[in-house]
Amino acid sequence: DAGVTQSPTHLIKTRGQHVTLRCSPISGHKSVSWYQQVLGQGPQFIFQYYEKEERGRGNFPDRFSARQFPNYSSELNVNALLLGDSALYLCASRPGQRTEAFFGQGTRLTVV
Amino acid sequence: AQRVTQPEKLLSVFKGAPVELKCNYSYSGSPELFWYVQYSRQRLQLLLRHISRESIKGFTADLNKGETSFHLKKPFAQEEDSAMYYCALSGGSASKIIFGSGTRLSIRP
């Protein structure tokens, strides 16, 4: 079992650009969540998707959006990147809504 | 407000000494409490959850609703326990997980 996989592992973008991060959940897991982890802080909840529907949204601006595909993989999109968006973005999958969360290795986004 | 507080950014103890990582939470309702751990160059993983009442790798955590605390304890620290530890809670229909800022545990030989 490969676990939760995220791509790319590292990314450098310029302010104002757009970025798409990808996540493949563990096989059979229908719930995917996204978290932002800024250096020195714990992960902050961005979105949760379950059965391809948004089930929760954290306190992030509308520049952040996500979707879940029929195969339960997910994309996180961020528009109009700001320097403050530089962070580690984590994806977590769960078999159900209230079960243990399994995390990916994350995508390190640097905005310059 | 929903919040998890870990007052110590860094905790350094000698091998064989007892360990206690503090965690306090604020939540209106009955949350589920967790401890997650991140070893060097590894992904974030669940260490234990309060509903299972298990002891994992010698660690235990008791939920104290009166003090709204969920401190993580181990009687005798091992060098392999050195890692970043996050206390977290989950509740409500969205099932989002709210994390504390983390405590780095360093075990000295």
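Here is the naming used below: chain letters follow the sequence lines, and residue numbers restart at 1 for every chain.
When hydrophobic clusters are built by joining Ile, Leu, Val, Met, Phe, Trp and Tyr residues whose side-chain heavy atoms come closer than 4.5 Å, directly or via intermediates, Tyr35(A) is not grouped with Tyr72(A). In the hydrophobic clustering of ILVMFWY residues, with side-chain heavy atoms under 4.5 Å counting as a link, Ile56(B) and Tyr39(B) come out together. At a threshold of 4.5 Å between side-chain heavy atoms, the hydrophobic network of Ile, Leu, Val, Met, Phe, Trp and Tyr places Phe76(B) and Leu11(B) in two separate groups.
Of the atoms belonging to Arg41(B), it is backbone heavy atoms, and not side-chain ones, that fall under 4.5 Å from chain A. Neither the backbone nor the side chain of Ala92(A) comes within contact range of chain B; no heavy atoms are under 4.5 Å apart. Within the 4.5 angstrom heavy-atom criterion, only backbone atoms of Gln41(A) (N, CA, C, O) approach chain B. Interface residue Gln42(B): only backbone heavy atoms are found under 4.5 Å from chain A.
Side-chain contacts under 4.5 Å among hydrophobic residues (ILVMFWY), followed directly or transitively, place Leu81(A) together with Leu11(A), Val19(A), Leu21(A), Val32(A), Trp34(A), Ile46(A), Phe47(A), Tyr49(A), Phe60(A), Phe64(A), Leu76(A), Val78(A), Leu83(A), Tyr89(A), Leu109(A), Val111(A).
Annotation for Ile12(A): atom CD1 does not count as buried by contact number, only 12 or fewer foreign heavy atoms lying within 6.0 Å. Within a 6.0 Å radius of NZ in Lys30(A), no more than 12 heavy atoms belonging to other residues, nucleotides or ligands are found. Counting heavy-atom neighbours within 6.0 Å of Arg15(A) CZ, excluding the residue itself, gives a total of 12 or less. Within a 6.0 Å radius of NZ in Lys15(B), other residues, nucleotides and ligands contribute 12 heavy atoms or fewer. Atom CD of Glu51(A) sits in a crowded spot, with more than 12 heavy atoms from other residues, nucleotides or ligands closer than 6.0 Å. The local environment of CG in Asn59(A) is sparse, with at most 12 non-hydrogen atoms from other residues, nucleotides or ligands closer than 6.0 Å.
Note that the CD atom of Gln37(A) and the OG atom of Ser101(B) stand 10.5 Å from one another [nearest 0.5 Å]. In this structure, Gln44(A) CD and Ile98(B) CD1 are separated by 9.0 Å, a value rounded to the nearest 0.5 Å.
Counting heavy atoms from C-beta outward, Ser33(A) and Ile97(B) have side chains that stay 4.5 Å or more apart.
Residues of residues 80-89 of chain B lying under 4.5 angstrom from chain A, judged on non-hydrogen atoms, are Tyr86(B) by number.
For Phe45(A) and Phe99(B), the distance between ring centers is not under 6.0 angstrom.
Residue Val4(A) comes nearest to Arg43(B) through the heavy atom pair O-NH1, 2.9 Å, listed as atom of the first residue, atom of the second, then distance.
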